[in-house]
Chemist: 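I'd like to ask some things about the structure below.
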Amino acid sequence: MAVRWLCSLFGKPFDGGKRMDHGGPQQQQHPMEQQQQPYHPQHPAMMRLYEVQKEVASLGPQVCTFSGLQNDRDYKRLERELTRLLLDVDQVDTEGKPELQGARKRAAQEVEGLLRYLEENATHPSRQAIEELSNEARRLVDERVVAPQRSGGVAEINDELVDALQELVLRLTQVKTEGRVPLRKARYRALTRLCAVQDVIEGRTQQQTLSLPLSGDTHEAVHHINQVMVKVSVARSQLVALLMGLSGRDSCAHLSRILTEMQVELDALDVSGNAAIRNYRKQVVEEINGLLKHLDLEGEGEDTRRYDLAQNNSIREIEAVRAHVSHLREGVLRHCVMGDLSFRPKAELQSLLTHLDQVDTAKNPCIREARRRAVVEVQAIITFLDLREALARRQPGPSEHPSHRAVWLVLGSLSDLQAQVLGFDGKRADKSYMMLEELLTKQLLTLDAVDPQGDETTKMARKQAVKFAQNILNYLDMKTDEWEY
């Protein structure tokens, strides 16, 4: 209760237990003050408890948004200050009076609640998962990018590295935060840094495809630009190290100064009259600007709007689309139960896909994942309608290959199962979930047992049916993974 009250104060001024005079409107009072009205506020015990209350109100927002671990400096500071307040409360002389004892007890409970909240978030399994994924990303980047360049070698930047980073981003987006602000903040900060590294590395991959640097014989300014390019390469490695917490000496401010000096050096070059050299310098300047934009991450995540995505306009757009999709899904399933195939809102569903494609994700991995999941929901209905229509149109001839007929029988069963999956609204522990999973797995085994006997049409049909069954299983898995923003 105390923690919830203090967290609600975040971003609001605390009145310190004072009221407006001259019969004006009263500000909301703290529960402790309301309980202590029989006692004069000048009573020494009450004055000391009010002082504690003010300090608790000051520390509350810091505790409620702290996103670090127990070994962090801020954690130790908050823990130390709260422990001191707890000792101060314990030393308040209540003179054996029940009212003062009650006030002291409530003050102690508030401080203890904050201490518990601080420890719970710093040691929460999700917070540990975020840290483990961050450490995994650090090891990967250190081994493939930072360490080789520090030793004078060449960083191993390739598609394999980009894919590995993308996998870590996806796993981070799937960490459950239970709506806790500190966990949301920790996840967001880890994601922003990893995505920044991803952006820097992908930019470097694109740069490697350019026919640069130019020959120094082309123009006297080219030699200077080439020298800057070498510095940019070093700065890129330093930036990646900074973002991943692998740099003990460098700072964002220091690297920002170095990059800015490079820009000044490039601006001073005379490249007039040579379009190729101007374009070369422009590309190097753009490379520097691309690195500079990632150096403002020191305060990233301090603004709650950054990680509380429920208030994000893009998320609201996606949720509006999902609500529309849910309505269409209910209509499709209702008409299918009645055997009516006339309700086919495919054009409407395709327009929703177009709408989702236009949603601005601002390179936020959580918004990207939310959009991807919404797209999967739309596509699941479209594939369901397509298969239903194909089954209704199907007119097998007497010469149809037996194996091909067997595949279509499985597709018929899969269509019925997909209808159940579309309408499923439970959890993985539910019996209906386990039954659907088992039945879908059986259909996969049935397809595996189909012998095409050399018939190419059957081979292709079986391959598509297997993919279709796996997509249904993946969709069922997605519906029950309790993903959150």
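As a basis for the values below, the full set of heavy atoms in this structure was taken, side chains included, without hydrogen atoms, waters or symmetry mates. Everything numeric in this text was worked out from a predicted model, so none of it was measured.
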Chemist: Do NZ/NE/NH1/NH2 and the carboxylate oxygens of E131 and R127 come within less than 4.0 Å?
Modeler: yes
Chemist: With sequence neighbours excluded, tell me which residues meet salt bridge (charged side-chain N to carboxylate O under 4.0 Å, His left out) with E456.
Modeler: K459
Chemist: Do K282 and E287 meet the salt-bridge criterion of a basic N to acidic O distance under 4.0 Å?
Modeler: no
Chemist: Between R344 (side chain) and L385 (backbone), is there a donor-acceptor pair under 3.5 Å?
Modeler: yes
Chemist: Nearest 0.5 Å, please: how far is OG1 in T123 from CG in L69?
Modeler: 9.5 Å
Chemist: So which atom in L349 and which in V378 form the shortest heavy-atom distance, rounded to 0.1 Å?
Modeler: O-CG1, 3.5 Å
Chemist: Apply ring pair (Phe, Tyr, Trp, His ring centres under 6.0 Å) to H335 and list each qualifying residue two or more places apart in sequence or on a separate chain.
Modeler: F343
Chemist: How many angstroms lie between CD in E132 and CG in L172, if you round to the nearest 0.5 Å?
Modeler: 11.0 Å
Chemist: Mind checking the CG-CG spacing from L292 to L259? Nearest 0.5 Å is all I need.
Modeler: 4.5 Å
Chemist: What residues form a side-chain contact (heavy atoms from CB on, under 4.5 Å) with Q350, not counting sequence neighbours?
Modeler: L353, I382
Chemist: Going by heavy atoms in the side chains, are D386 and K346 under 4.5 Å from each other?
Modeler: yes
Chemist: Would you indicate whether E160, at its atom CD, is surrounded by more than 12 heavy atoms from other residues, nucleotides or ligands within a distance under 6.0 Å?
Modeler: no
Chemist: Quick check: does any side chain N or O of R371 sit under 3.5 Å from a backbone N or O of V359, one acting as donor and the other as acceptor?
Modeler: yes
Chemist: Is the closest side-chain donor-acceptor distance between R106 and Q53 under 3.5 Å?
Modeler: no
Chemist: Please check if the side chain of K479 supplies one atom and the backbone of G426 the other of a donor-acceptor pair under 3.5 Å.
Modeler: no
Chemist: If I take atom CG from residue L356 and atom CD from residue Q379, how far apart are they, to the nearest 0.5 angstrom?
Modeler: 9.5 Å
Chemist: Begin with the C-alpha distance, continue with both residues' side-chain angles, and end with the deciding distance and a verdict on salt bridge (charged side-chain N to carboxylate O under 4.0 Å, His left out) for E400 and R394.
Modeler: CA-CA 12 Å; E400 183 179 38; R394 173 171 154 74; 2.7 Å; yes
Chemist: Report the residues that fulfil salt bridge (charged side-chain N to carboxylate O under 4.0 Å, His left out) with E286, sequence neighbours left out, ordered by chain and then residue number.
Modeler: none
Chemist: So, for A137 and M244, which heavy atoms are closest and what is the spacing to 0.1 Å?
Modeler: CB-CE, 3.5 Å
Chemist: Hey, can you pull the donor-acceptor pairs under 3.5 Å for the side chains in residues 434-451, sequence neighbours left out?
Modeler:
residue: T441; atom: OG1; partner: E437; partner atom: O; Å: 2.7
residue: T446; atom: OG1; partner: K442; partner atom: O; Å: 2.9
residue: D451; atom: OD1; partner: Q453; partner atom: N; Å: 3.1

Chemist: By the side-chain hydrogen bond (donor to acceptor under 3.5 Å, both in side chains) test, which pairs, at least two apart or in different chains, include something from residues 421-430?
Modeler: R428-D477, R428-T480
Chemist: Verify, without hydrogens or angle tests, whether T65 (side chain) and P61 (backbone) share a donor-acceptor contact under 3.5 angstrom.
Modeler: yes
Chemist: What residues form a side-chain contact (heavy atoms from CB on, under 4.5 Å) with R373, not counting sequence neighbours?
Modeler: E369, M478, D481, W483
Chemist: Measuring from R462:CZ to D455:CG, what's the distance to the nearest 0.5 Å?
Modeler: 11.0 Å
Chemist: Check step by step if side-chain hydrogen bond (donor to acceptor under 3.5 Å, both in side chains) holds for S415 and R388.
Modeler: CA-CA 7 Å; S415 179; R388 283 274 173 169; 3.1 Å; yes
Chemist: Can we say R393 and E389 salt-bridge, meaning some charged N sits less than 4.0 Å from an Asp/Glu carboxylate O?
Modeler: yes
Chemist: I need the S351 OG to H324 NE2 distance, nearest 0.5 Å.
Modeler: 7.0 Å
Chemist: Would you confirm whether S314, through its side chain, and D360, through its main-chain N or O, come within 3.5 Å as a donor-acceptor pair?
Modeler: yes
Chemist: Between D199 and K293, is the side-chain contact (heavy atoms from CB on, under 4.5 Å) condition met? List the steps.
Modeler: CA-CA 11 Å; D199 192 38; K293 74 178 182 180; 3.4 Å; yes
Chemist: Output side-chain donor-acceptor pairs under 3.5 Å for residues 163-171, partner residues at least two apart or in another chain, one line each.
Modeler:
residue: Q166; atom: OE1; partner: Q198; partner atom: NE2; Å: 2.6
residue: R171; atom: NH1; partner: E136; partner atom: OE2; Å: 3.2
residue: R171; atom: NH2; partner: E136; partner atom: OE1; Å: 3.3

Chemist: List the atom of Q418, the atom of I472, and the distance in Å for their closest heavy-atom pair.
Modeler: CB-CD1, 3.8 Å
Chemist: Could I get the full list of salt bridge (charged side-chain N to carboxylate O under 4.0 Å, His left out) partners for D72, not counting sequence neighbours?
Modeler: none
Chemist: Suppose the criterion is ring pair (Phe, Tyr, Trp, His ring centres under 6.0 Å): which pairs have a residue in residues 448-472, not counting sequence neighbours?
Modeler: none
Chemist: Hey, mind stepping through L82 and V63 against side-chain contact (heavy atoms from CB on, under 4.5 Å) and telling me if it holds?
Modeler: CA-CA 10 Å; L82 288 169; V63 171; 4.0 Å; yes
Chemist: When you measure from the side chain of N121 to the backbone of Y117, do you find a donor-acceptor pair of N or O atoms at a distance under 3.5 Å?
Modeler: yes
Chemist: Could you report the tightest heavy-atom contact between D142 and P148, atom names first, then the distance?
Modeler: O-CD, 3.7 Å
Chemist: Determine the minimum heavy-atom distance between L328 and P345, stating which atoms define it.
Modeler: CD2-CB, 4.1 Å
Chemist: Applying salt bridge (charged side-chain N to carboxylate O under 4.0 Å, His left out) as the test, list every pair that has at least one member in residues 111-123; sequence neighbours left out.
Modeler: E120-R180
Chemist: Tell me the closest heavy-atom pair linking L183 and S126, and the distance in Å.
Modeler: CD1-CB, 4.2 Å
Chemist: Considering residues at least two apart in sequence or located in another chain, which fulfil the salt bridge (charged side-chain N to carboxylate O under 4.0 Å, His left out) criterion with K176?
Modeler: none
Chemist: Between T83 and E79, is there a donor-acceptor pair closer than 3.5 Å when you use the side chain of the first and the backbone of the second?
Modeler: yes
